[in-house]
Amino acid sequence: MKRLFHKHDHDQPCTFMVNMLHGQAEGRLKGFKRLYAMAHVLRCGPCRRFLESLEAMLKRVKETRPADPPPEVIEKLLEGDWKEESRP
Amino acid sequence: MPTRTYAPAAADSLESAVRRELPILYRFATRLTGPRGNPEDLVGRALLQCAKGWDRFDGQNARAWMLKVLRNEHLQEVRRKSLVLEPPEAMANAVCHHMPVSAQAMRRIALEQINEEIGNLPLEFREALVLCDVEEVPYKEAATILDIPLGTLSSRLHRARHMLRNALAETIPIDTEAP
């Protein structure tokens, strides 16, 4: 409980929370861990800001996924040298 | 956050595996080679290696196996040519605060900047970030592809995010609202 309700004198997330905050940002946390993380960020400004900024960044990072190859490149690759090699 | 959609299918034949996994192989190759590289060439060589080694594939997860072959092919090329992976030139002053810029243009610039900063990350961190955060490959699969323990992957991923946040903090305000 002491860790849940505390005050910071700096603007860094709590060291013991960092892994959990990464998990929460990815949507991986379940059950008690998720509740704990949510309760913690409600009370802890630096962790809340860290989580919000991490979630926003991950959302943007996903949007940078490169485009799939164009159909002509797919066709070219599908008919490449590997096909000869794979023939028995 | 949406649940991960990654679902490796069982491989039936090399050809069907290639057809199914070609898009992710190409996207990963694009990230590995960078903007000046030739992802098509890298994928072509990786497919050749896959064909040569198909009889040694254990049939468990074709996607992870093929991505690993692709990565090894890239690493071999880097070593062979002693390539120095130069980061792309920094896009100086990408966001001009004195000119009116549409929200869409701001968004495009921001994405370009993020792309560029991802490209600037050292290879081992870039690989982890691209596989887990961009392609949404599960940790276990990503660790197999990169041939590292889960703990190392997690640590590299956190470090990569930290580096990216720091790099972007100077140029783009990453806040909760999209521009």
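Sequence lines set the chain letters: A, B, ... in the order given, protein chains first and strands last, and positions in each chain run from 1.
When the side chains of ILVMFWY residues are joined at heavy-atom separations under 4.5 Å, either directly or via intervening members, A/L35 and A/L29 end up in two distinct hydrophobic clusters. At a threshold of 4.5 Å between side-chain heavy atoms, the hydrophobic network of Ile, Leu, Val, Met, Phe, Trp and Tyr places A/M20 and A/M38 in two separate groups. A/V18 and A/L42 fall into different hydrophobic clusters, defined by Ile, Leu, Val, Met, Phe, Trp and Tyr side-chain heavy atoms under 4.5 Å apart, directly or through other members. The same ILVMFWY cluster, assembled from side-chain heavy atoms under 4.5 Å apart, contains both A/L21 and A/F16. Under the 4.5 Å side-chain heavy-atom criterion for grouping Ile, Leu, Val, Met, Phe, Trp and Tyr, B/V69 is connected to B/L75 within one hydrophobic cluster.
Taken from SG in B/C132 to CD in A/E26, the straight-line distance is 7.5 Å, to the nearest 0.5 Å. Here the straight-line distance linking atom CZ of B/R165 with atom CG of A/L54 works out to 6.0 Å at 0.5 Å rounding. The distance from the CZ atom of B/R161 to the CG atom of A/L58 is 5.0 Å, given to the nearest 0.5 Å.
Heavy atoms from other residues, nucleotides or ligands lying under 6.0 Å from CZ of A/R34 number 12 at most.
Contacts between B/Q49 and chain A at a heavy-atom distance below 4.5 Å are absent for every atom of the residue. Proximity to chain A (any heavy atom under 4.5 Å) is shown, for B/R45, by neither the backbone nor the side chain. For B/L25, no part sits under 4.5 Å from any heavy atom of chain A, backbone or side chain.
The two residues A/P66 and B/R27 come nearest to each other via the heavy atoms O-CD, 3.0 Å. Considering every non-hydrogen atom in both A/R65 and B/E136, the closest pair reads NH2-OE2, 3.9 Å. Taking both residues in full, the closest heavy atoms of A/P69 and B/P23 are given as CD-CA, 3.9 Å, listed atom of the first, atom of the second, then distance. Summarising the geometry of A/L77 relative to B/L47, their closest heavy-atom pair is O-CD1, 3.9 Å, with the distance given to 0.1 Å. Considering every non-hydrogen atom in both B/L111 and A/R60, the closest pair reads CD2-O, 3.7 Å.
B/E117 has its side chain out of reach of A/T64: every pair of non-hydrogen atoms, C-beta onward, lies at least 4.5 Å apart.
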Could you walk me through whether A/M57 and B/D133 pass the side-chain contact (heavy atoms from CB on, under 4.5 Å) test, one step at a time? CA-CA 10 Å; A/M57 190 187 77; B/D133 288 347; 5.9 Å; no
